[in-house]
Enquirer: 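Structure in structure tokens, see below.
The structure presented is a predicted model; accordingly, all values stated were derived computationally and were not measured. Chain naming here is simple, since letters A, B, ... match the order of the sequence lines and numbering starts at 1 in each.
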Amino acid sequence: MSEDKSLNFLEEIIESDIAAGVNNGRVHTRFPPEPNGYLHIGHASSICLNFGLAKKYNGLCNLRFDDTNPSTEETEYVESIKADVKWLGFEWANELYASDYFEQLYLFAVQLIDKGLAYIDDSTPDEMAAQKGDIGKPGVESFYRNRGIEENKQLFADMRAGKYPDGAKVLRAKIDMEHPNLLLRDPIIYRIKHAHHHRTGDQWCIYPMYDFAHGQSDSIEQITHSICTLEFIHHRPLYDWFIEQLNIFPSHQYEFARRSVSYMITSKRKLLQLVNENHVSGWDDPRMPTISGMRRRGYPAAAVRQFCDMIGVAKRENLVDIGVLEFCVREQLNKTAHRVMAVLNPVKIILTNYEAGRTENLVADNNTEDESSGTRSISFSRELYIERDDFMEEPPKKFFRLAPRLSVRLKHAYIITCNEVIKDADGNITELHCNYNPDSKSGNDTSGIHVKGVIHWVNAADAVPAQVRMYNRLFTVDDPANAEGDFKEHIAPNSMEINNAALVEKSLLNATSGEQFQFMRKGYFCVDRESSSVQLIFNQTVGLKDTFAKEMKK
RNA sequence: AGUCCGAUGGUGUAAUGGUAACACUACAGAUUUUGAUUCUGUCAUUCUAGGUUCGAACCCUGGUCGGACUACCA
């Protein structure tokens, strides 16, 4: 079970529980999103953790929607969350909803009232805030704190029956108004909300608070290890208190530090702003740190899983370099993506010694990393396009590409030499006239010439125009959530650049939405869902590592 | 101010009382019909001051620094 790899602190807890026979060695986790937004990279790591732990220890993991606040939750989100979890490659043991437990939760509350541990409070929110005290300053007890049990029960029943408007009364646990942990100063456990719930409709007008729903839901589901982020650590005493007072199955809560990723934000509120204020095109904009955004961007699910696994889990604050995620994306795609040729910024070349009207079909491997990927045929003729960047009139030293009198190999084809540079009246290069060496055909080279550079190209006769959407970081600073000023001040002005001039090889005409490719020497790209046979559209997933560009900067 | 977390290279994690490991990044080199991939090498006296011990990243005490908590949100 435990391999050579060292355990993280959660695995240690679980293994020691198993060794001690806690719950007969049973492991049951849960992933509990509130259906009020789309899942993002942070959720992905929680999903990988909860489902991963369950899988590793032959346990189960539930998908539970924490839908106790009817005013923010919608079915649309439920559906997207399910799709995202599935896409990530996980299967839940049970699909459950906190709202399934509303009746049971109500009974739990009555039980607490019966024990004299909960009371109805008529105070206004302001009064309650004032009673609460402050950090380092004890609170004072509410005027209503010592209502009789029978009165409380009647009032609570009346609340449920809809006799009071929103905010008129709340049910509070009776704990300790002087407790140093503010959450234990008689927390509200039920509030009145005459709102339509996405699942229970208008059946209820009182709803339990998080603290009175989460732990009990865990307990009802016999969750053994309830894993959440560090900000809930102060809730744990409350979590335990309710379980103890109610005398129900003792689930236990464990906290880990949420993983932040540089150049990404994971606040739902901020993400919502990006969408609503049209800084991005939607929740699945390829620049979004949402799971749906990463999917559309072309990040493989396996890469996201690898990333979550790689960054580990601990209890200290962190800011993981987004480069790690990109490394995982490249590593996955390197193994699977077919190599094709696409010229993003074309300049025409004419092979002056190649017969006009002649066309050859050349053989190209789809992916040399994967022998089973096979080959395809690409056409070659007198007029071609190459990348404008691959030609320099006055090349620096160690420029292994095309320049006057210099030679390069055209990938899968011939070695060419540039003889003449044609320019327009403004001095812009319009054409390059080159010679090809007929003896240098790829795979059949008898020329004896050795060139250092190999560049990609497309055949002018059948290249297909395409739109390529290039993406840069959405933010100009690595930690936009904590940077000075409003996070929106740090939105990068050029996070998306649309290129309508690209030419791709003909085989891409058959590419289907979501399909991933490596544009040789350029990066990984995928077919966008808006792409059609009329207009091919590609998203840049991630660039290739570019040591040459780095060298040139020096 | 009170309570609770945390502190190991540029980054993220490991080492659980026996002399700092792995990965990413960076840098250097080899291979290469992708300046990609692959391969090799280089890069830390563990926040601090004491203490316990033959021996401390690890245990104890004090300090410093960072974070969380005062929603009828989750």
Enquirer: Across the strands shown, which category fits Arg339(A) at heavy-atom distances under 4.0 angstrom: base, sugar-phosphate, nothing?
Expert: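 Base: the residue Arg339(A), judged by heavy atoms under 4.0 Å, touches a nucleobase.
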Enquirer: Taking the P atom of each, how far is C54(B) from C47(B), in whole Å?
Expert: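 Those two atoms are separated by 25 Å.
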Enquirer: Would His214(A) and Tyr210(A) count as a close aromatic pair, with their ring centres under 6.0 Å?
Expert: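 Yes; Tyr210(A) has its ring centre under 6.0 Å from that of His214(A).
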Enquirer: Roughly, in whole Å, what's the span from CH2 in Trp457(A) to P in U34(B)?
Expert: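 Answer to the nearest Å: 15 Å.
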Enquirer: When the aromatic ring centroids of Phe9(A) and Phe256(A) are compared, is their separation below 6.0 Å?
Expert: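 Phe9(A) vs Phe256(A): aromatic centres not under 6.0 Å.
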Enquirer: Whole angstrom is fine here: how far is it from CZ in Phe307(A) over to P in U13(B)?
Expert: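 It is 11 Å, rounded to the nearest whole Å.
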Enquirer: Taking the C1' atom in each of C58(B) and U31(B), what is the distance between them to the nearest angstrom?
Expert: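 Nearest-Å result for C58(B) against U31(B) at atom C1': 43 Å.
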Enquirer: I'd like to check the side chain to side chain donor-acceptor pair (under 3.5 Å) partners of Arg376(A); sequence neighbours left out, ordered by chain and number.
Expert: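 Arg376(A) satisfies side chain to side chain donor-acceptor pair (under 3.5 Å) with Asn366(A), Glu505(A) once adjacent residues are dropped.
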Enquirer: Among U34(B), C69(B), U33(B), find the nucleotide with the atom closest to the side chain of Ile135(A).
Expert: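 Comparing U34(B), C69(B), U33(B) against the side chain of Ile135(A), the answer is C69(B).
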Enquirer: Can the ring centroids of Phe519(A) and His456(A) be said to lie less than 6.0 angstrom from one another?
Expert: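 No - the distance between ring centres of Phe519(A) and His456(A) does not fall below the 6.0 Å cut-off.
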Enquirer: Check this for me: Glu178(A), atom CD, are more than 12 non-hydrogen atoms of other residues, nucleotides or ligands nearer than 6.0 Å?
Expert: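 At most 12 heavy atoms, drawn from other residues, nucleotides or ligands, come within 6.0 Å of this atom.
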Enquirer: Can you work out whether Arg409(A) or Leu182(A) has the more 5'-proximal nearest nucleotide on RNA chain B?
Expert: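 Going by which nucleotide is closer to the 5' end, it is Arg409(A).
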Enquirer: Does Phe400(A) or Asn8(A) map to a spot on RNA chain B nearer the 5' end, using the closest nucleotide for each?
Expert: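 This one resolves to Asn8(A).
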Enquirer: What does the list of N/O pairs under 3.5 Å between the protein and nucleotides 72-74 of chain B look like, with a distance for each?
Expert:
unit_1	atom_1	unit_2	atom_2	d
C72(B)	N4	Gly167(A)	O	2.9
C73(B)	OP2	Arg191(A)	NE	3.0
C73(B)	OP2	Arg191(A)	NH2	2.6
C73(B)	O3'	Arg191(A)	NH2	3.1
C73(B)	O2'	Asn69(A)	ND2	3.1
A74(B)	OP1	Thr68(A)	OG1	2.8
A74(B)	OP1	Arg191(A)	NH1	3.3
A74(B)	OP1	Arg191(A)	NH2	2.9
A74(B)	OP2	Tyr210(A)	N	2.9
A74(B)	O4'	Glu34(A)	OE1	3.4
A74(B)	O3'	Asp66(A)	OD2	3.3
A74(B)	N6	His235(A)	NE2	3.2

Enquirer: Mind checking Phe399(A) for me? I need base, sugar-phosphate or nothing, with any heavy atom below 4.0 Å counting as a touch.
Expert: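 Touches a base.
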Enquirer: Are Tyr190(A) and Phe156(A) near enough that their ring centres are under 6.0 Å apart?
Expert: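 Yes; Phe156(A) has its ring centre under 6.0 Å from that of Tyr190(A).
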Enquirer: Side chains of Pro395(A) and Arg401(A): closer than 4.5 Å at any heavy-atom pair?
Expert: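 No, side chains not in contact.
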Enquirer: For A21(B) and G41(B), measure between their P atoms and round to the nearest Å.
Expert: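 Roughly 14 Å separates the two P atoms.
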Enquirer: Would you list the protein and nucleotides 22-26 of chain B atom pairs, both N or O, that sit under 3.5 Å from each other?
Expert:
unit_1	atom_1	unit_2	atom_2	d
A26(B)	OP1	Lys550(A)	NZ	2.5

Enquirer: Using the P atom as the point on both nucleotides, what is the distance between A56(B) and U48(B), in whole Å?
Expert: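 U48(B) and A56(B) have their P atoms separated by 15 Å.
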Enquirer: Roughly how many Å apart are A23(B) and A30(B), using the C1' atom of each and rounding to a whole number?
Expert: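 So the two C1' atoms sit 22 Å from each other.
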Enquirer: Within the structure shown, what part of the strands sits under 4.0 Å from His179(A) by heavy-atom distance: base, sugar-phosphate, or nothing?
Expert: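 It contacts nothing in the nucleic acid.
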Enquirer: Can you find a donor-acceptor N/O pair under 3.5 angstrom joining the side chain of Gln518(A) to the base of U34(B)?
Expert: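 Under the 3.5 Å cut-off, the side chain and the base do form a donor-acceptor pair.
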Enquirer: Stems involving RNA chain B: give each as a range paired with a range, ordered by first number, where a stem means at least three consecutive Watson-Crick or G-U wobble pairs under 3.5 Å.
Expert: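 Expected stems, ordered by start: B:2-7 with B:64-69, B:10-13 with B:21-24, B:26-30 with B:38-42, B:47-51 with B:59-63.
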Enquirer: Under 4.0 Å, heavy atoms only, any strand: does Leu319(A) hit a base, just the sugar-phosphate, or nothing?
Expert: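 It contacts sugar-phosphate atoms only.
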Enquirer: Can you list the residues that meet the side chain to side chain donor-acceptor pair (under 3.5 Å) rule with Lys268(A), with sequence neighbours excluded?
Expert: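 Lys268(A) satisfies side chain to side chain donor-acceptor pair (under 3.5 Å) with Asn36(A) only.
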Enquirer: Side chains of Asp84(A) and Tyr38(A) only: does a donor on one sit below 3.5 Å from an acceptor on the other?
Expert: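 On atom types as modelled, these side chains do not qualify, holding no pair under 3.5 Å.
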Enquirer: Between G2(B) and C60(B), how far is it from one C1' atom to the other, in whole Å?
Expert: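 Approximately 24 Å lies between the C1' atom of G2(B) and that of C60(B).
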Enquirer: Is any side-chain N of the basic residue among Asp218(A) and Arg64(A) closer than 4.0 Å to the acidic one's carboxylate O?
Expert: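 A salt bridge is present here (some side-chain N lies under 4.0 Å from a carboxylate O).
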Enquirer: Do Lys411(A) and Asp365(A) meet the salt-bridge criterion of a basic N to acidic O distance under 4.0 Å?
Expert: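 Salt bridge: no.
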Enquirer: Counting any heavy atom closer than 4.0 Å, what does Thr547(A) reach on the DNA or RNA strands: base, sugar-phosphate only, or nothing?
Expert: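 Contact class for Thr547(A): sugar-phosphate only.
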Enquirer: Relative to the ring of Phe487(A), is the ring of Phe475(A) parallel (under 30°), tilted (30 to 60°) or perpendicular (over 60°)?
Expert: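 Ring orientation of Phe475(A) relative to Phe487(A): tilted.
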Enquirer: Rounded to whole Å, how long is the line connecting atom CG of Leu410(A) with atom P of U34(B)?
Expert: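 My rounded result for the distance is 13 Å.
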Enquirer: Is the NZ or CZ atom of Arg160(A) both under 6.0 Å from the centre of the six-membered ring of Tyr106(A) and within 45° of that ring's axis?
Expert: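 Yes, Arg160(A) and Tyr106(A) form such a contact.
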Enquirer: So, is the end of the Lys452(A) side chain (NZ or CZ) under 6.0 Å from the ring centre of Phe400(A) and within 45° of the ring's axis?
Expert: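 Ring-cation test returns yes.
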Enquirer: What's the CD1-P distance between Ile449(A) and U33(B), to the nearest Å?
Expert: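 Taking atom P of U33(B) as the reference, CD1 of Ile449(A) is at 15 Å.
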Enquirer: Provide, to the nearest angstrom, the distance between the CG atom belonging to Asp479(A) and the C1' atom belonging to G10(B).
Expert: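 From Asp479(A) CG to G10(B) C1': 15 Å.
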Enquirer: Grab the N/O contacts between the protein and nucleotides 4-6 of chain B below 3.5 Å, and write none if there aren't any.
Expert:
none

Enquirer: Looking at Glu360(A) and Lys441(A), is there a salt bridge between them, counting it only when a charged N and a carboxylate O are closer than 4.0 Å?
Expert: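 Answer for the salt bridge query: yes.
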Enquirer: Give Glu255(A) one of three labels, base, sugar-phosphate or nothing, depending on what nucleic acid heavy atoms sit under 4.0 Å from its own.
Expert: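 Counting heavy atoms under 4.0 Å across all strands, no contact is made by Glu255(A).
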Enquirer: Once you round it to whole Å, what is the distance between C1' of G10(B) and CD1 of Ile322(A)?
Expert: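 After rounding, the gap between these two atoms is 17 Å.
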Enquirer: Between C43(B) and G67(B), how far apart are the two C1' atoms, rounded to whole Å?
Expert: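 That atom pair is separated by 30 Å.
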Enquirer: Under 4.0 Å, heavy atoms only, any strand: does Gly443(A) hit a base, just the sugar-phosphate, or nothing?
Expert: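 Gly443(A): base contact, heavy atoms under 4.0 Å.
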Enquirer: Between Phe399(A) and Phe548(A), how do the two ring planes meet: parallel, tilted or perpendicular, split at 30° and 60°?
Expert: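 Geometry flag for Phe548(A) against Phe399(A): tilted rings.
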Enquirer: Mind checking the P distance from A15(B) to C59(B)? Whole angstroms is fine.
Expert: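 Straight-line distance between the two P atoms is 12 Å.
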Enquirer: Whole angstroms only, please: what is the CG-C1' distance between Asp186(A) and A71(B)?
Expert: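 Interatomic distance, CG of Asp186(A) to C1' of A71(B): 16 Å.
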Enquirer: Take the protein atom NE2 of His338(A) and the nucleotide atom P of U34(B), then report the distance between them rounded to whole Å.
Expert: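 In whole Å, U34(B) P and His338(A) NE2 are 18 Å from each other.
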Enquirer: Which of the following nucleotides, U13(B), A15(B), U70(B), is nearest to the side chain of Ser6(A)?
Expert: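 Taking heavy atoms from C-beta onward, the closest nucleotide is A15(B).
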